[in-house]
Amino acid sequence: MTDYLEQLNDSQREAVEYCDGPELVIAGAGSGKTRVLTYKIAYLLNQGIKPWNILALTFTNKAAREMKERIALITGDAVARQLWMGTFHSIFARILRVEAEHIGFPSNFTIYDATDSKNLLKGIIKEMQLDDKTYRLGMVQSRISRAKNALITHTLYGQNKELVESDMNAKVPLIRDIYARYQNRCLQAGAMDFDDLLLQTNILFRDHPSVLEKYSQRFQYVLVDEYQDTNFAQHLIVRKLCETSGRICVVGDDAQSIYSFRGANIDNILQFRNQYPGCRIFKLERNYRSTQNIVNAANSLINKNKEQIPKNVYSEKEAGSKLRLLSLYSDYEEAYAVASMLLRMRMAQSCRYGDFAILYRTNAQSRLLEEAFRKRGIPYKIYGGLSFYQRKEIKDVIAYFRLIVNPHDEEAFKRVINYPARGIGETTVGKLISAAVSAGTSLWHVLEAPLEYAVQVNAGTARKLSSFRVLMEHFVSLRDSMDADELAGLVIKETGLLQLLAQDRSTEGLGKYENLQELMKGIAEFCQLRREEGSGQIHLSDFLSEVSLLTDQDDSGDDAADKVTLMTVHAAKGLEFPNVFVVGLEEELFPSTMAKDSLRAIEEERRLFYVAITRAEENCVLSYAKSRFRNGQSQPCSPSRFLRDIDLRYLEVDNGGQSLPAGSLRKNGSEPSRPVFSSPLQQQAAPRVLRRMDTVKRETVAPSSVPPAALGELKPGVRVRHDRFGEGKVLSVSEEGNNAKATVAFDNFGQKQLLLKYAKLKVLD
DNA sequence: GGCCGGGGCATTTTT
DNA sequence: TGCCCCGGCC
C-alpha cells in the first residue's frame, strides 16, 4: 500500500503527504495531476480516514469516473465506492435531495437542463409579451445564470443597484421580473436548474447551520480538481465546508482557466492563498507529456500573461521537433494543407490516424476540414454534436420518466402531453398554463381538476386531457412498486412511443429506434448492476437521478476505430495526442473578436492557445490563412498576435504550400475524389447510456461461452469470468442461500462483491 | 402536424 | 455562406 508513493516524484510526493492544512497544488500541463489526486486519496485512506469522510469534487463525470477507477485499483472497489466523489452538481444534488425539506423543495425535485431552462424562459418572455428581439433568450439566460452564480436570488436581484443599472443600460429592465417568474415556475414544478444546485446548496448551508455542521463534520477532507474552473458559488460551498477543519486540497492550473464565460473565476485559484491563511503551495512543474520544444514554446507564450502564478514547467523528454507554422492563402487551402501534412506525417512516422488531433477555436471551422479529409480518405471523428441525452427521442422518453417521478415537472409535462399526438394542441396547453400561472400552481394540479381552475375546453378535449391524466396516474401508481427497467418498458409500450419509432423506416427513424433500444439497455444494465450489488428495489427515480446529470459527450466509445480527432480547443482540455494541429490562428478568430477589447479576455484566449499547444506530445503544427470565408464573404485575415508570443527558438516557419500536391490547392483540382468515408453521423459511436465506473469498459471484455457457474463450484481461489468485469479470482463466498455473495478480485477492476443470484459468474478451468 | 421558405444570426459550453 | 427558428400554409 505504501509502494505507490515510490511512483511519485519529489514534488508530487510532498503534495500527497502534506495533510496539515489548506493546500494548493499548482499542476502544470501534463504534470501528473490526476496521479497526485488519486494517490493523495489513497494516502488519506491509509492514514485511517474513512472513505465516506472524504469528499472529492470534479467538473466532469468523466474525471470522477476515471479517478474512481484508479483508486479502486489501489484500494479495491468496495472502498472506492464509499468515497464521496463526483461532480459538484451531482454531489450537491444528492445532498439537496436529502435535505430538500429545509429549503422548500420536494426531495424528488427535477433537474432542468439548459434546454429546459431555455424553453421555460421562452414561454415566460412570450407570456409577458416582451419583444424577443430585445429580450434575447441566450442573453436573458446568461444574465440569470450569472446572478445565480453570484448567489443573487430573484428577490435580491431587484435590490442590486449594479444589476438594475446594467439592465437599464442594456435596455432590458424587466430581467428582474423574468427572473422572478422563472424562479416561481421552477418552484411550482419542483425543479432546479444547474445553477440552482449550487445556489440552493449555499442557501441551505447559510440558513441551516446544523446542516452545514453535519456535512462539514462528515467531510473531514475535501479535495477539488480543476480548481481554476470553479465559480463563486462553488468556491463558497467549499469554503463553508472547510472553514473550521482547514482540511482542503485544491488542484488546478491557473494557466488552463478557459471557462470564464461559464462563470468560472480565475481569482479563486489566484487568491486561494489569501482566502486560506496558512495555506501551503505545491507546484508540479515537471511535464511528462510533451517534448522540450513543445513545453518551451508553450511557456514562452503563457509568460506573456500578466495574471498568473509563477511556475517553471519543464520537460526531461527529448528536445523533439520544433513547432511548425503553416501559412496559407485561404481557409480552403489550410484544410487541404493540414490533410496533406497529416498524411505525410503518418507515412513518415508510420503512426495511426488516432494519433492526430485537429483543434480549432470555433465549431464552424470543422466543415472545410471535414471536406478535405473526406476527399483524401482520412477517417475522422468530430466531437461536439448532441450528446446522447440531448437527442429528441431520448429526451422524450426521459420526460415521461421525469413526469412519473415528479408530476409537477412543467417542462416534462409540456413535452409529453401531445407526444405521441393525442390531439391536445398548443391552444389547450396554453389554457392550462395560464390557469396554472394565475392560480400559482402546477400544470399537473390543473390537469387533475380542470373545472376547479376554470379551464375552458370542449368536451372532446376534456376527454383527451382526462385520458392523459389516467395514463400518467397509472404509471405513478406503479412507480414505487416496480423496478425501473420494468416500468420503463411499460411506459414506452403503453404510451405508444415504441411503436411510433418502430414504424418510422427512414434512416433517421432507424437511428432513433436504436437510440431508444440503447436507452432501454442502459436502464436494464443499471438495474442489473444494482441487483448484483445487492440493492433491493431499484426505482425509476434512482435511475433518473443518476442520468439527469450525465450529460457529457460520449468520448469515442470505440477506441478501436483509428480516426483523426476534430474538436474545439475547449473540448480538448485534459486530453493528449502525439500529433496536434492548431488551425485558424488569425486575429479576430483566435483570439476571438469578442475578446479584443479586454485584457482579461485576451489573456483567457492566450490560455486557450496554451491549452491547445500543450495537448501535443511529439509534434505540434500551427496554421493560419490569409483569407477566410466568414459570415458569407471572404475576408482578409492577419496572423494571430499569439504567434508572435512564441519564442522563435521553438518555432519553425514552414513554407507549407510548396510541398503540397498542386491539385490540392484548387477547388476544381485534378485530385480524383475518393468515396466518401462515412457521414459524421454514422461515425459517432453508439453512446454508452450509463457510464459509471463499473460499466464503462464492458466492451473490452469478450463475452464468454463458458456456462454459468453452479453455486457449488464457486470456492475461494477459483478463477471466474464476469461479462462486464472480465476475469478475476474468487476470494470468498458467503453462503446465505438466496443472498449468497462472492467477493472477487478482478484483474482490471479490483475487488467486488457480487450477489450470485444476479451476477452470472462463469468458472474458468 | 408537418413542410417550406424567409429572415436573422453567426465564440467557446465541464453541469 | 449555412443554420436555425418562426410563421404561414396545406
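Reminder, nothing fancy here: chain letters follow the sequence lines and each chain counts from 1.
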Check the distance between B:dA10's P and A:R361's CZ and give it to me in whole angstrom.
15 Å

Closest to the A:N61 side chain: B:dT13, B:dT11, B:dT15?
B:dT15

Considering just the side-chain nitrogens and oxygens of A:T568, establish if one lies under 4.0 Å of OP1 or OP2 belonging to B:dT13.
yes

Is A:R367 touching bases, backbone alone, or none of the nucleic acid, heavy atoms closer than 4.0 Å?
sugar-phosphate

May I have the distance from A:F109 (atom CZ) to B:dT15 (atom P), rounded to whole angstrom?
17 Å

For A:N363, which contact category applies under a 4.0 Å heavy-atom criterion: base, sugar-phosphate, or nothing?
sugar-phosphate

Determine: side-chain N/O of A:K122 to OP1/OP2 of C:dC6, distance under 4.0 Å, yes or no.
yes

Heavy atoms only, 4.0 Å cut-off, all strands: where does A:E604 land among base, sugar-phosphate and nothing?
nothing

Heavy atoms from C-beta onward define the side chain here; which of B:dT11, B:dT13, B:dT14 lies closest to that of A:E605?
B:dT11

Interatomic distance where CZ belongs to A:R630 and P belongs to B:dT11 [whole Å]
8 Å

Lys NZ or Arg CZ of A:K240 over A:F205 ring: under 6.0 Å, within 45°:
no

Whole angstrom is fine here: how far is it from CD1 in A:I602 over to P in B:dT12?
17 Å

Contact class for A:R136 vs. all strands (heavy atom < 4.0 Å): base, sugar-phosphate, or nothing?
sugar-phosphate

Given the structure, check if the side chain of A:R262 and the base of B:dT15 hold any donor-acceptor pair shorter than 3.5 Å.
yes

Between A:R600 and A:E307, does any side-chain N to carboxylate O distance fall below 4.0 Å?
no

Are B:dT12 and A:F261 stacked, with the base six-membered ring and the side-chain ring centres under 5.5 Å apart and planes under 30°?
yes

Considering non-hydrogen atoms only, spot the tightest contact between A:A572 and A:R615 and give its length.
O-CD, 3.2 Å

Gap between atoms CG and C1', on A:L137 and C:dC6 respectively (whole Å)
14 Å

Between B:dT12 and C:dC5, how far is it from one C1' atom to the other, in whole Å?
22 Å

Nearest-nucleotide comparison on DNA chain B, the residue closer to the 5′ end among A:I424 and A:N631
A:I424

Using the P atom as the reference point in each nucleotide, state the distance between C:dC4 and B:dT13 in Å, no decimals.
15 Å

Provide, to the nearest angstrom, the distance between the NZ atom belonging to A:K62 and the C1' atom belonging to B:dT14.
10 Å

Report which part of the nucleic acid A:K126 touches: base, sugar-phosphate, or nothing (heavy-atom distance under 4.0 Å, all strands).
nothing

Heavy atoms of A:S548 and A:I111 approach each other most closely as OG-CD1, 4.1 Å

Taking the ring centre of each residue, are A:H570 and A:F261 less than 6.0 Å apart?
yes

Between OH of A:Y332 and P of C:dT1 the distance, given in whole Å, is 15 Å

Nearest-nucleotide comparison on DNA chain B, the residue closer to the 5′ end among A:Y259 and A:S592
A:S592

Trace of the side-chain hydrogen bond (donor to acceptor under 3.5 Å, both in side chains) decision for A:S142 with A:S145:
CA-CA 5 Å; A:S142 84; A:S145 172; over 6 Å; no

Atom-pair distance (CG on A:L608; C1' on B:dT11), nearest Å
10 Å

For A:N418, answer base if it contacts any base atom (sugar-phosphate contacts may also be present), sugar-phosphate if it contacts only those atoms, and nothing otherwise; contact means non-hydrogen atoms under 4.0 Å.
sugar-phosphate

Could you check B:dT12 for me: syn (within 90° of 0) or anti?
anti

